[in-house]
Each structure stands twice: as C-alpha cells, then as structure tokens.
> 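Before I ask anything, here is the structure I am working with.
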Amino acid sequence: LFGLPEQPAHERVLLAADPATGLKAIVALHSTARGPAFGGCRLWHYDSDAAALNDALRLSQGMSLKNALADLPFGGGKAVILKPPGAFDRPALFAAFGRAVQSLGGAYITAEDVGTTTADMRGLQAVTPFVSGIPRDGAFGGDPSPKTAWGVFVAIQAGARLVLGRTSLEGVRVALQGLGAVGWHLAEFLHAAGAKLVVADVDAAKVERAVAQFGAVAVGVADILAAEVDVLAPCALGASLNEQTVPTLRAKLIAGAANNQLATPADGDALQRRGICYLPDYLVNAGGIISVAREYRGEGEEAAVMAEVSRIAERVEELLLRVQAADSTPARVADDWARSKLVHQP
Ligand code: NAI
C-alpha cells in the first residue's frame, strides 16, 4: 500500500463497517496538503474488497490532482460504499456512512459520485456538515453533473480548435460512451453546438432517447470506442483506454468525464504514439468539484461558477503548450503540473 510506483502513498485510509446497516465503506485521503480532502462518494457493487480499495485509492489520488489543477483550496479524497447484497435500508446506510465521515472531523468532505444522489447527500447533512452537492434554499448548490458536462464541453471545444483545427463544433463527430448524468448534459451541449453524435449506453432507453432527441447514431457498447469519429468522450466508468482498446480507436481527440480513463500510464504513451491527443480526465472533468467546492464554501453563484468552470478551456490550452515545450504526453505533463501544486497553501 505504501508508495508503489503506480500508487503513491495515501495519507490516511478509513475502513468503516456497521453491521446494523450493512455498511462497508472505504474513505481514502490521498493528500490534504492543499486543504481538507474533497471528493465524491461512490456506491457500487465490487467483486472483492480489494477491488473496492483499489478504486478508492486510484480515485482519491485523481482528486488530489484534479483539485490542485483547478486551483481549489482542497486536497484529494474519495469514498466508496460497497453496495450491500440484496435489499437494504438506504437512509440508514447513508446515516452510518455520514457518521464515518463525521469521525474524520472535517479532514474529508463528501459529495455525489456514481451511484449516489442529491437525496443521499441531503440525508448525510443530518449527520455531518462535511458534505456538499445539496440543493439549497436561496443559495447556490445541488447536482454537480451539469457543471461537469459544461467543463467537458469547453475542453472539447478547445481541443477541437487546437488539435483538429476546427473553429466550431458544427459537423464535428463525437462518440459518447455513457449517457448518464454527465453524458446526457454533454450530449445536449454538443447537439446545440451542431456536433454529430454517436452514442452507446448499457441502458437502451437512454440510447433511444438520444436518437429521438439529438438525431444521434446508436452503436453497441462494444463498438463505441472504435467509432469513426473526430472526438471520443468516455463518460461511463474508468479504464476504458487500455491495451485492448487503444489500438482500435479512430478518434483524434479524447476528452470525457469518466475518472481514471487510462488503465495504466503506458496507455497514455500508446495514445500519443498513435497520434491521438488525450486530454487528461481530471483536468477536463473538474466542473463538478468546482461546483461543490464553491457551494461548500458558501460562495457560489451560478454565473460565477460557470465562468470558473469555463476556465478549463484555458487550462487545456496551457497544457497543450506545455506538452509542446516538454516533448512529452498530455497525461505525463498534466501529472507533473498537478503534482507541482500539491503543496501546503499559505
Ligand atoms: P452515471 O452513473 O449517471 O452515468 C454513467 C452512465 O454510463 C450510465 O448511463 C450507465 O448506464 C453507462 N454505462 C455504464 N457502463 C457502460 C458501458 N460499458 N458502455 C456504455 N455506457 C455505460 O454517472 P455520471 O455521474 O454521469 O458520471 C460518469 C463518469 O464521470 C463517472 O466515471 C464519474 O466518476 C465521472 N465524473 C462524474 C462527475 C459528476 O459530476 N457526476 C464529476 C466528475 C467525474
């Protein structure tokens, strides 16, 4: 666990178990150098405890890099709740999870992630103040996914301009893997900008809606990554860019919401060798954490948050300049850039 090359040491990992509710959760605090560790809570079925731990460690490290590149005064953390087998009392499960978050005394702040909702966050609020992503009366707050989607959208715009030489997204072909909370909003933004969508989701109803609403072309989940498109936007789960898939890709630009898209750093190198520009997930998908961080600090306001999220486009530009100067890959340059910011804030 301590400092493997691919998985640098984490500051703290909490294993929380509550037999009464069936809670089994892992809260990983990767770094609190910049401030309290901030990152969402995932509710997921894992094949093993080891797989859940691995997910928590990888995701929390990604949050450190994401929060640092977004210049947020927060470190990186993430929680995973192992989905109990069979029926369970959801409010009771989240109350138990909230007590675990509370036990960390503010070193970790949680929010939504895959499998958790604004209602779950509202439930947590009764147990702990260290939670965000909650609709608030008369104040900014709530579901971060539209902000995440906006950040991915402006990154695609910037990438299309700088990598593909396209000044507009009119007619640009984009493959969307996953039409969930983020993927759907992204599809709306892309469609409004004139992009041509190719979509896949394991949920056939979402695909049907996208075909009807956006004139999207539907392909199978096994075919979406290799679709004949200009841009690939992975918006499902992690590790979609791996040894098997990278040789099959036809897009020239990759920018999507999913966390941990690269299975290994070597897959980023392989993309570069194939002439494919990969915009690192944690740079591109920071819109959601920017939103919940603003909300948590009580300084949110819709227009200001959107403006801050739009700055992701500037970071894409700066990243591509740094890549040229360093003669390296976007993934490696972004990692070095983010790690240089993992320092204690005054
Ligand atoms: P979601 O659970 O609402 O959507 C995921 C979608 O992907 C679902 O529609 C699901 O059916 C689909 N899917 C699952 N496996 C698939 C496959 N093999 N092929 C095609 N579709 C598949 O999750 P959400 O919130 O949209 O997040 C998507 C990704 O973005 C996740 O990796 C999440 O960690 C990441 N992310 C989300 C943020 C947010 O604000 N919600 C913020 C930053 C990252």
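Remember, it's 1-based here, ligands and their atoms both numbered in the order they're listed.
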> Taking 4.0 angstrom as the limit, do K147 and E302 come out as a salt bridge?
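Salt bridge: yes.
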> At a heavy-atom distance under 4.0 Å, which protein residues reach ligand 1? Sort them by chain and number, would you?
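Near ligand 1, by chain and number: R42, K66, D113, V114, P144, S145, T148, Q177, G178, L179, G180, A181, V182, A200, D201, V202, K206, V221, C235, A236, A257, A258, N259, N285.
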> May I ask you to check if R209 and W184 form a cation-pi contact, with NZ or CZ under 6.0 angstrom from the six-membered ring centre and within 45° of the axis?
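Yes, cation above the ring, under 6.0 Å and within 45°.
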> Can you list every pair that meets side-chain hydrogen bond (donor to acceptor under 3.5 Å, both in side chains) and has a residue in residues 288-298, with sequence neighbours left out?
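Listed once each, the pairs are S132-E295, R136-E295, R294-E308, R297-E299.
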> List, one per line, each side-chain donor-acceptor pair under 3.5 Å for residues 156-171, sequence neighbours excluded.
residue : atom : partner : partner atom : Å
R161    : NH2  : E317    : OE2          : 3.0
S168    : OG   : E170    : N            : 2.8

> Check for a donor-acceptor pair, side chain of D18 on one end and backbone N or O of L93 on the other, with a separation under 3.5 Å.
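No; judged by distance alone, with no hydrogens or angles, the pair does not exist.
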> Could you name each residue pair satisfying side-chain hydrogen bond (donor to acceptor under 3.5 Å, both in side chains) that touches residues 232-244, not counting sequence neighbours?
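Qualifying pairs, neighbours excluded: N242-T245.
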